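Report on the structure given below.
All values below come from the heavy atoms of this structure, side chains included, with hydrogens, waters and symmetry mates left out. In this chain, residues are counted from 1 in sequence order. All values reported here derive from a predicted model rather than from experimental measurement.
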Amino acid sequence: MTKLMPIDKVRNIGIIAHIDAGKTTVTERILFYTGRTYKIGEVDEGTAVMDWMAQERERGITITAAATTTDWREHLINIVDTPGHVDFTVEVERSLRVLDGGIVVFDAVAGVQSQSETVWRQADRYHIPRICFINKMDRVGADFWGTVDMIRERLDARPVAIQMPMGVEDGHRGVIDLLEMTGWVFLEDRDDNLEQIDIPGELAEEAARRRDQLVEAMAEVDDQLLISYVEGHEVTAAELRKAIRRATVASVITPVLCGSALHNKGVQPLIDAVVDYLPSPGEVPAVKGAHPTTGETLERLPNDDGPFAALAFKVVADPFVGRLVYFRAYSGKVKQGETVYNSARGQRERVGRLMRMHANRREEIAEVSAGSIVATVGLKHTFTGDTLCDASQPVLLEAIKFPEPVISVSIEPKTKDDQERMAETLGRLSEEDPTFKVRYDQETGETIISGMGQLHLEIIVDRMLREFNVEAHVGRPEVAYKETINRPAKAEGRFVRQTGGRGQFGVAWLEVEPQPRGTGFKFGDNTVGGTIPKEFIPSVEKGVRQALETGVLANYPVIDVHVALVDGQYHAVDSSAFAFEMAGSLGVQEALKQAAPVLLEPIMKVEVATPEQFFGEVLGDITARRGHVAEVDHRGHLRVISALIPLAETFGYATDVRSLTQGRATHTMEFDHYQEVPQSVAETIVGRVRGVVRR
């Protein structure tokens, strides 16, 4: 597999789903049936190849996106198995950014769950063509057509079933291929467990009806097939396959397959579908970027002859080979030992060993071509989201956007030895994970780490101990509040220090105004007539950015504001970059005080599936937590409550739900948005923080 594959024979796919839908199990079966592994790994037994971290094997969940490469029908398939747990959403986000297609796995009993919706929207954002695999068809309560309907209704998608199950629950034996109109039976006790049969008589009528529905659905979206359909010609399997491929690559439809990965049913047809329907890197639109100095829009076509352009999407501190950078090559080629240009940081980098990854194992290759996903060692200045390119034809690809952390804890080393290693360890872990942030609180003297949830921070602390041998005491979780403003304001920032000799002189007038939620910070220079020399403008912006890290209400970061520099004064001798940096900082602090500052809190989207008899207790508990119920749904014998609850009210929620429902309810929780804190709650938070500061 070390030879270069033609680009049309490559598939870059991700496997995405709600937690526990069976992503890693599907991946393990794909690796087994493609001959990549000789023994099937099991998540429950802690032997899954793709879940290679100790924490993943202990908890039975995927934490880090693991990449692997395999081949099938003379095609090279790069696979990324992503986590389902929302605390590790960064892994899904950065994987989808560099992939060309996806397999979305659904639980046939639970159907479309809350995180199914989250990953589906992420895939929509990156325009990823995908196929659906409805897993666990042999479980009690499995409903293939019900899940297809849920995909249509809840995800606003156009699912097209290209298979139907041959029996469900205990009677699930295999699948019926609606293109070829044939049956496939899977025998659990055989490695080569595929047997082709005629469609059983009792299913023949339904299969014929479902095939007609498939042809109709394709005629609606494909002009070539529509002609055959209207003229009454018999639509062949080959014609259907081509039409499904065209519509899938264009993201018009989503083919749906089914099976039971745990019991080795339906996996080979799924791999066939990856080759038949998902796009090669040559079929996706050219990647767009900008010239790093002129800002001119540039395109890089997916071929080996163009200038080299790649995106680094993951950095890993590997204990054996050191700093490992994963990247996706979009155009051109690069060989081991060549020099590339990091256009995001203006640095030249020498490419060390190039490797195809198989989870945490490596296979060396000499050269990388367009469309490949590989890892390399030796890049010292490259971080997640950076562009690597040809220095003679530089391009800056769009970086990956990551959500802000919502939960923080204080952390302190147990011993003096741990103290010296802790800063370095936290630095390496934050390099790997852009949603993990570290800061030092000057007022309390504490190191604060922030992440996407309690599990996220637990794993970080566990990794510090196991991988880096650093022990630490961890404080209780704190909500990562933010601040913003409700009205525009204008203020002067004046930093004037004139004693004997050269002084400091910088005056900046700044206007602040609120921005829509999620916009972030924007800075504008509206000065006219050279009231402040151009070389000092970046210093004002630097001062503003620093000041916004600690707001005026309770020292929380300020978000969603536009700051404009509108006027100022300078001194021919005494003005300096430092003076204008301080003026920018003082000016924006004063403007924020006048702009009706408010506190924002993270709101979590919570979905609880509970038996009917506990519905009232669960609902009452949500209300008591300042929760807002958005929707109540029936799913089989369960009531499913979707609600929005402030993060501050959710600590210990898992334990409380278990006790309220005798352990029979399940729930998921993910960050949804920031919202203004009610006045009474805000006063308590501000009072508590200021009390800490005074002390």
Side-chain angles (χ1 to χ4, degrees), residues 404 439 441-443 480-499 502-601 674-677 679 682-683 685-687 689-690 692-694:
E404 284 293 310
R439 69 181 175 87
D441 191 319
Q442 298 281 358
E443 281 152 346
Y481 292 104
K482 299 278 191 273
E483 296 182 24
T484 193
I485 54 173
N486 273 345
R487 64 170 181 243
K490 182 178 177 181
E492 178 192 51
R494 174 177 288 269
F495 187 75
V496 179
R497 301 286 184 274
Q498 287 173 309
T499 53
R502 183 172 176 179
Q504 295 283 0
F505 188 96
V507 178
W509 277 92
L510 296 162
E511 285 182 352
V512 297
E513 60 179 348
Q515 294 288 290
R517 202 69 70 239
T519 310
F521 164 68
K522 292 180 181 173
F523 181 82
D525 172 22
N526 296 348
T527 55
V528 289
T531 52
I532 298 176
K534 289 293 178 191
E535 66 264 29
F536 293 136
I537 305 295
S539 301
V540 175
E541 183 179 352
K542 183 182 175 186
V544 167
R545 284 184 182 277
Q546 287 175 346
L548 292 180
E549 287 175 12
T550 51
V552 295
L553 265 184
N555 301 324
Y556 292 112
V558 181
I559 60 168
D560 303 334
V561 293
H562 180 269
V563 180
L565 176 62
V566 293
D567 201 359
Q569 295 172 355
Y570 78 102
H571 189 282
V573 177
D574 290 350
S575 284
S576 65
F578 174 73
F580 276 102
E581 191 179 313
M582 291 302 296
S585 179
L586 294 167
V588 80
Q589 284 177 352
E590 189 54 43
L592 290 174
K593 289 174 187 173
Q594 300 171 26
V598 291
L599 209 55
L600 301 174
E601 64 180 343
Y674 269 93
Q675 183 174 295
E676 191 172 328
V677 179
Q679 185 63 32
E683 285 170 5
I685 296 165
V686 171
V689 171
R690 288 182 175 167
V692 168
V693 171
R694 278 197 299 273

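- In terms of the salt bridge (Lys or Arg N to Asp or Glu O under 4.0 Å) criterion, residue partners of Arg545 (sequence neighbours excluded) are, by chain and number, Glu541.
- Listed by chain and number, the residues in a salt bridge (Lys or Arg N to Asp or Glu O under 4.0 Å) with Glu492 are Arg494 (sequence neighbours excluded).
- Between Tyr481 and Val686, the closest side-chain pair of non-hydrogen atoms is not below 4.5 Å.
- Residues forming a side chain to side chain donor-acceptor pair (under 3.5 Å) with Glu683 (at least two apart in sequence, or on another chain): Gln679.
- Shown are Val566, Val540, Asn526; of these, the side chain to side chain contact (heavy atoms under 4.5 Å, CB included) with Leu510 is made only by Val540.
- Listed by chain and residue number, nothing satisfies the side chain to side chain donor-acceptor pair (under 3.5 Å) test with Gln515 (two or more places apart in sequence, or in another chain).
- Remark: the backbone N or O of Ala554 is paired with a side-chain donor or acceptor of Glu483 at under 3.5 angstrom.
- Residue Leu553 holds its CG atom at 11.0 Å from NZ of Lys593, rounded to the nearest 0.5 Å.
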(request) Please test Asp574 against Val496 for side chain to side chain contact (heavy atoms under 4.5 Å, CB included), starting from the C-alpha separation and ending with a verdict. (result) CA-CA 9 Å; Asp574 290 350; Val496 179; over 6 Å; no
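- Residues satisfying the side chain to side chain donor-acceptor pair (under 3.5 Å) criterion with Ser576, sequence neighbours excluded, are Gln504.
- Listed by chain and number, the residues in a ring pair (Phe, Tyr, Trp, His ring centres under 6.0 Å) with Phe578 are Phe495 (sequence neighbours excluded).
- Within 6.0 Å of the OH atom in Tyr570, the count of heavy atoms belonging to other residues, nucleotides or ligands does not exceed 12.
- Counting only residues at least two apart or on different chains, the ring pair (Phe, Tyr, Trp, His ring centres under 6.0 Å) pairs with a member in residues 527-550 are Phe536-Phe580.
- Expressed to the nearest 0.5 Å, how far CG of Asn555 lies from CD of Glu549 amounts to 12.0 Å.
- Rounded to the nearest 0.5 Å, atoms CG (Leu565) and CZ (Phe523) are 5.0 Å apart.
- Taking the side chain to side chain contact (heavy atoms under 4.5 Å, CB included) definition, one finds that Pro514 meets it with Ile485, Pro488, sequence neighbours left out.
- For the side chain to side chain contact (heavy atoms under 4.5 Å, CB included) test, residues two or more places apart in sequence or in another chain that qualify with Ala577 are Ser539.
- Nearest heavy-atom pair across Ala579 and Gly506 is CB-N, 3.9 Å.
- Atom CG of Asp567 sits about 10.0 Å away from atom CD of Glu511, to the nearest 0.5 Å.
- Across all their heavy atoms, Gly584 and Val544 have their closest contact at O-CG2, 3.7 Å.
- The ring pair (Phe, Tyr, Trp, His ring centres under 6.0 Å) test applied to Tyr674 returns Phe671, not counting sequence neighbours.
- The heavy-atom pair separating Ser585 from Ala547 by the smallest distance is OG-CB, 3.6 Å.
- In this structure Glu601 satisfies the side chain to side chain donor-acceptor pair (under 3.5 Å) test together with Arg626, sequence neighbours excluded.
- Annotation: salt bridge (charged side-chain N to carboxylate O under 4.0 Å, His left out) contacts involving residues 513-527, sequence neighbours excluded, comprise Arg517-Asp560, Asp525-Lys534.
- Summarising the geometry of Lys490 relative to Trp509, their closest heavy-atom pair is CE-CE3, 3.7 Å, with the distance given to 0.1 Å.
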(request) For Val598 and Val677, run side chain to side chain contact (heavy atoms under 4.5 Å, CB included): C-alpha distance rounded to whole Å, both residues' side-chain angles, the deciding distance at 0.1 Å, then the answer. (result) CA-CA 8 Å; Val598 291; Val677 179; over 6 Å; no
